[in-house]
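Please read the structure below before turning to the comments.
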Protein chains: 2
Amino acid sequence: MPDTERSRRRPEFRKGRPTLTRERIARAALEILGDAGPAELTMRNVGERLGVSPRALYNYVDDRRDLLGEIVAVCQADRPVPRLDPGDWRDSLRAYCRELRGWYRGHPGMLALARAEDLTPFTSPDMLRADDAVVAFFLDIGLSPAAARRAWSVTVLQVAGFAEVWDTWHDRPPPGAEPAAWTGIPPAASDADLPHLRAVAGAAEAPDELFETVMTMLVAGVEAMF
Amino acid sequence: MPDTERSRRRPEFRKGRPTLTRERIARAALEILGDAGPAELTMRNVGERLGVSPRALYNYVDDRRDLLGEIVAVCQADRPVPRLDPGDWRDSLRAYCRELRGWYRGHPGMLALARAEDLTPFTSPDMLRADDAVVAFFLDIGLSPAAARRAWSVTVLQVAGFAEVWDTWHDRPPPGAEPAAWTGIPPAASDADLPHLRAVAGAAEAPDELFETVMTMLVAGVEAMF
DNA sequence: ACCTGAACACCGTTCAAGT
DNA sequence: ACCTGAACACCGTTCAAGT
């Protein structure tokens, strides 16, 4: 059997199980993160999910912190690249924000992880390329540098804030909770008099509608910056 | 020495050290939370800060989870009560939002804790009274029930989102970081070409100014709901 | 009544083998 | 080259004493 490949590839499988890689380890960790939250993200649990002893992970990852870095890298890899058209900036901006919100929601638990542990040291310049494009877009439609920066800050704030404050709780409500009130404090005792909250309880809005309301506010806010 | 008090009070001190109470334990935990983050919030660290063995805490607190509940209670106790004047609703709303933001910032680490561990089961109806008042205010200025609810949702979103996305990182930047870019990913390598981000780097705004921009957007957004 | 100290099952991580 | 298993210092929590 001649070796047709120039260099022998790393085998994809080993004893029937797929070979461990940094990425596969990170993906297993992301599954745990989404299913059970950051507290359950332990080396032992990751090993168990991969059918391997916790020690085996250390052949690919320096330590838990290094694993966190790989998780960040895996997430950033599929972050949407902005396709923004200055000629149709309102709808462009909305569309990009929707994509970005979807990306946040597609990685449940990541925002919680970022708050629980400091993930900023893992940021690479590559990850800022999308932000650079957004700033370019705001300059392109005619905003001053100060206004462009402000518009960018507010945009990030709206999308990340919505994903964090609203979607995080709404997408995975705690066991007993109804998605009725704001940050997850609805059930309440029935005897407490909260007449006005009760009066508007029926007027609950789907998160998507609320997001569009926020987008309308954002577009109007940017408009006022010219 | 006759007992002038009807019932003997619990002594305030014991062996020179202040007596343990649920609240004092929770306050020690809050100090750790603010100084070192949720990962350092261990029973052993709380005990150490109070000069007591970790076991001693269990005489006042059922377990770590129960301690988290007491922490929530302590924080909620000094949450600002809205003083909203429908006759001057724009400034009223801004002032309340500023207070609310200040409250969030006054309890650093709480938002991170709320994301890391599920704190929603500890919510009591009492805590919703402030929200009820805000909804009443929006109804009072003439919004429909649906609009009032939307206005309330967006208000919470703006303030909590700002505190979480912006203030959290800005108030305690990670060791090596400059508060230059958005969610804490600024330093970057100098070779990477991020020309537009660089172009607006000088136009950085103080968080307070950015918050007022967000408030202006919020007021305009509410105006559009009539 | 309230404390300490030892102990247990968990965590991250390392060391010394195994194949 | 890559794995397992035992071991260490940590965590939450409990048990059995101490005063």
Side-chain angles (χ1 to χ4, degrees), chain A residues 3 7-26 28-29 32-33 35-71 109 112-113 116-119 122, chain B residues 3 7-26 28-29 32-33 35-71 109 113 116-119 121-122:
Chain A
D3 220 358
S7 66
R8 193 177 289 274
R9 268 202 232 134
R10 207 157 168 290
E12 288 266 326
F13 290 86
R14 194 186 163 92
K15 295 208 191 160
R17 295 212 138 277
T19 318
L20 287 181
T21 59
R22 280 177 69 87
E23 189 185 333
R24 215 183 307 261
I25 292 171
I32 294 172
L33 194 59
D35 293 348
E40 294 299 309
L41 181 49
T42 69
M43 300 300 275
R44 283 168 150 93
N45 282 346
V46 175
E48 191 177 21
R49 181 167 284 248
L50 292 166
V52 95
S53 87
R55 172 63 183 88
L57 307 176
Y58 287 86
N59 294 320
Y60 302 86
V61 165
D62 291 342
D63 50 24
R64 195 182 113 96
R65 194 96 189 116
D66 186 33
L67 170 55
L68 296 186
E70 185 64 23
I71 291 175
L113 187 67
E117 330 234 0
D118 180 20
L119 260 38
F122 303 124
Chain B
D3 221 357
S7 66
R8 194 178 289 275
R9 269 205 231 133
R10 207 156 169 293
E12 288 266 326
F13 290 85
R14 193 187 164 91
K15 295 211 192 159
R17 294 213 140 278
T19 318
L20 287 181
T21 60
R22 280 176 69 86
E23 188 185 332
R24 216 182 307 260
I25 292 171
I32 294 172
L33 194 59
D35 292 347
E40 293 300 309
L41 180 49
T42 69
M43 300 299 276
R44 283 166 149 95
N45 281 347
V46 175
E48 191 177 20
R49 181 167 285 247
L50 293 165
V52 93
S53 86
R55 172 63 183 88
L57 306 176
Y58 287 87
N59 294 320
Y60 303 87
V61 165
D62 291 343
D63 49 24
R64 195 182 113 96
R65 194 98 189 113
D66 186 34
L67 170 55
L68 296 185
E70 184 64 23
I71 291 175
L113 187 66
E117 332 234 359
D118 179 20
L119 261 37
F122 303 122

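This structure is a prediction, so every number in the text was calculated from the model and none was measured. Proteins come first, then strands; the chains are lettered A, B, ... in the order of their sequence lines, and each starts at number 1.
Under the 4.5 Å side-chain criterion, counting only non-hydrogen atoms from C-beta, B:Glu40 is not in contact with B:Asp35. Using a 4.5 Å heavy-atom threshold, the side chains of A:Leu113 and A:Leu33 count as touching. The shortest distance between side-chain heavy atoms of A:Arg49 and A:Ile32 falls below 4.5 Å. Annotation: side chain of B:Glu48 is in contact with side chain of B:Asn45 (closest heavy-atom distance under 4.5 Å). A:Leu20 is not listed as a side-chain neighbour of A:Asn59, based on a closest heavy-atom distance of 4.5 Å or more.
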The dot-bracket string of DNA chain D, counting Watson-Crick and G-U wobble pairs with both distances under 3.5 Å, using [ ] for crossing pairs and | for pairs to another strand, is ||.|||||...|||||.||
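Look at CG on B:Asn59: it is 14 Å from P on D:dC15, rounded to the nearest Å. In this structure, CG of B:Leu57 is placed 13 Å from C1' of C:dT4, rounded to the nearest angstrom.
Between B:Leu67 and the choices B:Asp62, B:Ile25, B:Leu57, the side chain to side chain contact (heavy atoms under 4.5 Å, CB included) rule is met once, by B:Ile25.
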Using the 3.5 Å cut-off, write out each protein N or O paired with an N or O of nucleotides 10-14 of chain D and the distance between them.
| from | atom 1 | to | atom 2 | distance (Å) |
| --- | --- | --- | --- | --- |
| D:dG12 | OP1 | B:Met43 | N | 2.6 |
| D:dG12 | OP2 | B:Met43 | N | 3.0 |
| D:dG12 | OP2 | B:Arg44 | N | 3.3 |
| D:dG12 | N7 | B:Arg44 | NH1 | 2.4 |
| D:dT13 | OP2 | B:Tyr58 | OH | 2.8 |
| D:dT13 | OP2 | B:Arg64 | N | 2.8 |
| D:dT13 | O5' | B:Tyr58 | OH | 3.3 |

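Closest non-hydrogen pair, A:Phe122 versus A:Leu68, comes out as CE1-CB, 4.0 Å. The minimum heavy-atom distance linking A:Arg24 with A:Leu50 is given by the pair O-CD2, 4.3 Å.
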